[in-house]
Protein chains: 2
Amino acid sequence: MAAQQGYFNQYQHADIDELADAIGELLNNPITIEDVDHKLIAYSSHGESTDQARWSTIMGRRVPERVLTRLWKDGVFQQLWTQDDPVHVPAKDEVGLGNRVAIAIRKGNDVLGYIWAQEVNRPFTPEDDEILRQAARVAVPRLLERQGKRRAEEQRRKEFFWELLLGNDTSEAVLKRKQKSLQLDLPSPFVICIIESPEPRLEQFLYPLLQRDKMLWVTDGTQVIILVGVPPAAASEGVTLRQYVEHFLGETAGKLKERFREEQTIGVYGRAYHSLPDVARSYREALQVLQVKHSFPAETGNVRGYSELGIYRFLPQLKRWADAEGYENERLLLLKQYDEENQTNLLQTLETFLDTVGRVNLTAQKLHIHINTLSYRLRRIEEIIEVDLDDANMRTSLYLDLKMAKIGRELGS
Amino acid sequence: MAAQQGYFNQYQHADIDELADAIGELLNNPITIEDVDHKLIAYSSHGESTDQARWSTIMGRRVPERVLTRLWKDGVFQQLWTQDDPVHVPAKDEVGLGNRVAIAIRKGNDVLGYIWAQEVNRPFTPEDDEILRQAARVAVPRLLERQGKRRAEEQRRKEFFWELLLGNDTSEAVLKRKQKSLQLDLPSPFVICIIESPEPRLEQFLYPLLQRDKMLWVTDGTQVIILVGVPPAAASEGVTLRQYVEHFLGETAGKLKERFREEQTIGVYGRAYHSLPDVARSYREALQVLQVKHSFPAETGNVRGYSELGIYRFLPQLKRWADAEGYENERLLLLKQYDEENQTNLLQTLETFLDTVGRVNLTAQKLHIHINTLSYRLRRIEEIIEVDLDDANMRTSLYLDLKMAKIGRELGS
DNA sequence: GTTTTGTTTGTGAAAATTCACAAATGAAGC
DNA sequence: GCTTCATTTGTGAATTTTCACAAACAAAAC
């Protein structure tokens, strides 16, 4: 063990650039060290030929956006964040990336940065992995020191974000002052987005994505709460906030499913706002969506935004109100009773009809019955419950009472 | 004056039958005296020929139902109740009624009974009217005495009815005992019906109708509150309660309109129930209908029953919730804004479309536009507010939010 | 048993809806 | 001036809806 850890014994107190050179010499390949934001910290100076990606990184003092996007899509960062071992990345010529291996520099669960090695002068050997593991450990104090200030600031930002989310009646002026002192630019419009999952490694999994887009986010265990705006690049292409958020959530959900076979992850978001005090409002809306999706999983299956909730925005409340005054829709009771007494399906027929906004063809298909059967049933329904299905008011209230009745049934079963 | 009042000076303390004979002699025609329920009290004994109606009345000790119905329809009782002078009624052969004249016996605003005279032996003269006027005055003490007990009982019934209406948590057992002691038979099912009118003579006008059907009713000035059940005669013909109540209200509304040119009379009713404690519930429902009809006169124009309220049953409540949390439907705002910026009518188009349950033909007709124009507009609406109008949930919530927005506008203007 | 009743499915024709495509209009922007 | 764009209206064809009428069937009532 002591022998194996010996590669960098003499570099315990060395400069980070010296460490990069030392690794580079041991591997006989070019080395780059980045922090968690992919800003360049150090690089080995001996290497001759470097690929396009490395060149751009050094010149721009940061890994180019398109490279990051590609690596994110391929799940490289997910691997880096969830495993201690080096990750081997095959060449990606499209983004000018040759074969390379990377390892995360971590302290506990936090990732402080990455060490990248390129396969240029000689092929990687299994021994190189151990060298990188040791290098990552040795680099820790250097990165901690370097990032101390940055982390403290991030901490303050997160605290401020929580303050905004909980909306403690702080005046807008005070909030704006704080915002300025933290150099936090609020995208406008923005939404608050919540990703909830029982997966314990959720945060680690999302971390690189959140870091990549420099989003403001916090977590409270099962939920990751994110403030999302349209990045300038997407905005210039005319992408709306709703499209962006939907894409963002689709991306995460897809990734999560493919990695953890996790179906229980739910991404939701509130409405779009512009001002600081509305962060709390958008957050509350997102929470409400989450709650409704738990109560009506089938009905709100592909709903993620508060604006898409429709009647489910107020249905639970309305149901409580109706229950309190003992209201029951007589017509629906009558129809249910008729169904029971005559072994018919008029209630289901009505519901399907209303669900398809009165499209008889569709309704008949869904129910697997002849269209004339449907038209006969609809006539019977109108007769039995004395209702005119061509009356918008009646249709609407039947629809609502039907969906409300389902709440009771779901909770009751 | 003293001279004119002299006809019955000697009969001040006479028996009611003697009074009938005295009038009969003065007019030289047959006389019948009835109480307010049309029960026979007295009749002159000298007349020879009597018509079918009088004969039936005397034999049955009450005016036959079909005669009452006919007189009611012709507005005879309305006249009797609202004027002090005798009312001349032309012969109605269909119900066996010859020419006759009648006057109400009244004490203040209360009608105690009627005096009927038939034109048999000689034609009526103007003097006969004065004789009848005086006779009606003389008859008062006799009817008061006779009806004292009956009135007291009616008073107790009305007090009991108020108790039921206000629903003071009295147990059903106690209520049932009271009901039994008052010999009150509750129709089942029943509804509570309210007729409201600014017309001060409303009660007087309705009195004979209410009396005719022996309904339980009370009044509090502008409102007459009635407990309505289906009379046995109608029930045997298969008339439902709803049909009966609608007919009843239609009848009163029609009569009121024709007599007072009164358009502001509103008749409403709660839902149908069977048990005593539900009287209060049906009453509260009727009151709610009344309130809603004041808030949405246009939308609920031909709605009278609580079951027909549809969404308006809960729309005010929904609106209060929305206001409390500052909710506004973004899509509708967006559409309104678009309309203002481009001088279009998309909001109105959407509302008409939703009002006609998506019947494009009807919508186009209502808006006086070509059907293709409508289809273009609907496509634009879907684009602008990013909504799928084939989605029942979205349609419903747009419909509700539209109608809710109208509340604000109405109250604001 | 027969008859009645409620339900399902079929046929066919008129009316309504949906869709693509094109021409005309008028207002806004160049 | 011209062009562009949103809007309205027209034409025509495929599809859907509506409606009336009738046959088939099973369960309930006689």
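Chain letters run A, B, ... following the sequence lines, proteins first and then strands; every chain starts at 1. The figures here come from the full heavy-atom set of this structure, side chains too, leaving out hydrogens, waters and symmetry mates.
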- Query: What's the CG-P distance between Leu367(B) and dT9(D), to the nearest Å?
  - Reply: 11 Å
Between side-chain atoms of residues 239-251 of chain B and protein atoms elsewhere (two or more places apart, or another chain), which donor-acceptor pairs fall under 3.5 Å?
residue, atom, partner, partner atom, Å
Thr240(B), OG1, Gln243(B), N, 3.1
Thr240(B), OG1, Gln243(B), OE1, 3.4
Arg242(B), NH1, Glu386(A), OE2, 3.1
Gln243(B), OE1, Thr240(B), N, 3.0
Tyr244(B), OH, Asp213(B), OD2, 3.2
Glu246(B), OE1, Arg304(B), NE, 3.0
Glu246(B), OE1, Arg304(B), NH2, 3.0
Glu246(B), OE2, Tyr269(B), OH, 2.7
Glu251(B), OE2, Trp72(B), NE1, 3.3

- Query: Quick one: salt bridge (Lys or Arg N to Asp or Glu O under 4.0 Å) partners of Asp401(A), sequence neighbours excluded?
  - Reply: Arg313(B)
- Message: Please report the distance, rounded to the nearest Å, between CZ in Arg379(A) and C1' in dT7(C).
- Response: 11 Å
- Task: Apply ring pair (Phe, Tyr, Trp, His ring centres under 6.0 Å) to Tyr327(B) and list each qualifying residue two or more places apart in sequence or on a separate chain.
- Result: none
- What is the distance from CZ of Phe353(A) to C1' of dT16(D), rounded to the nearest Å? 13 Å
- Separation of Leu378(A) atom CG from dG6(C) atom P, in whole Å? 18 Å
- Check Leu315(B), Leu354(B), Leu318(B) against Lys403(B) for a side-chain contact (heavy atoms from CB on, under 4.5 Å) and give me the one that passes. Leu315(B)
- Item | Shortest side-chain distance from Tyr376(A), nucleotide among dT11(C), dT7(D), dG6(C) | dG6(C)
- Task: Please report, rounded to the nearest Å, how far the C1' atom of dA23(D) is from the NE2 atom of His370(A).
- Result: 13 Å
- Can you list the residues that meet the salt bridge (Lys or Arg N to Asp or Glu O under 4.0 Å) rule with Arg380(A), with sequence neighbours excluded? Glu383(A)
- Round to a whole Å and report the spacing from CG of Leu374(A) to P of dT16(D). 14 Å
- Glu341(A) CD to dA27(D) P: how many Å, rounded? 18 Å
- Query: Is there any salt bridge (Lys or Arg N to Asp or Glu O under 4.0 Å) pair reaching into residues 366-378 of chain B, and which pairs are they, with sequence neighbours excluded?
  - Reply: none
- If we fit an axis to the first five pairs and another to the last five of the helix from dG1(C)-dC30(D) to dC30(C)-dG1(D), what angle do they make, to the nearest 10°? 30°
- Of the listed dT9(C), dT8(D), dA6(D), the closest approach to the Thr373(A) side chain comes from dT9(C)
- Task: List for me each residue that meets salt bridge (Lys or Arg N to Asp or Glu O under 4.0 Å) alongside Glu94(A), sequence neighbours excluded, and say none if there are none.
- Result: Arg70(A)
- Give the rounded distance in Å between these two atoms: CZ of Arg380(A) and P of dT5(C). 13 Å
- Task: Mark up nucleotides 13-30 of chain C, 5' to 3', with B wherever a protein heavy atom is under 4.0 angstrom from a base atom, S wherever such an atom reaches only the sugar-phosphate, and - elsewhere.
- Result: ---SSSBB----------
- Contacts of Arg284(B) that satisfy salt bridge (Lys or Arg N to Asp or Glu O under 4.0 Å) - sequence neighbours left out: none
- Main-chain N/O of Tyr338(A) paired to Asn342(A) side chain as donor or acceptor, under 3.5 Å: yes
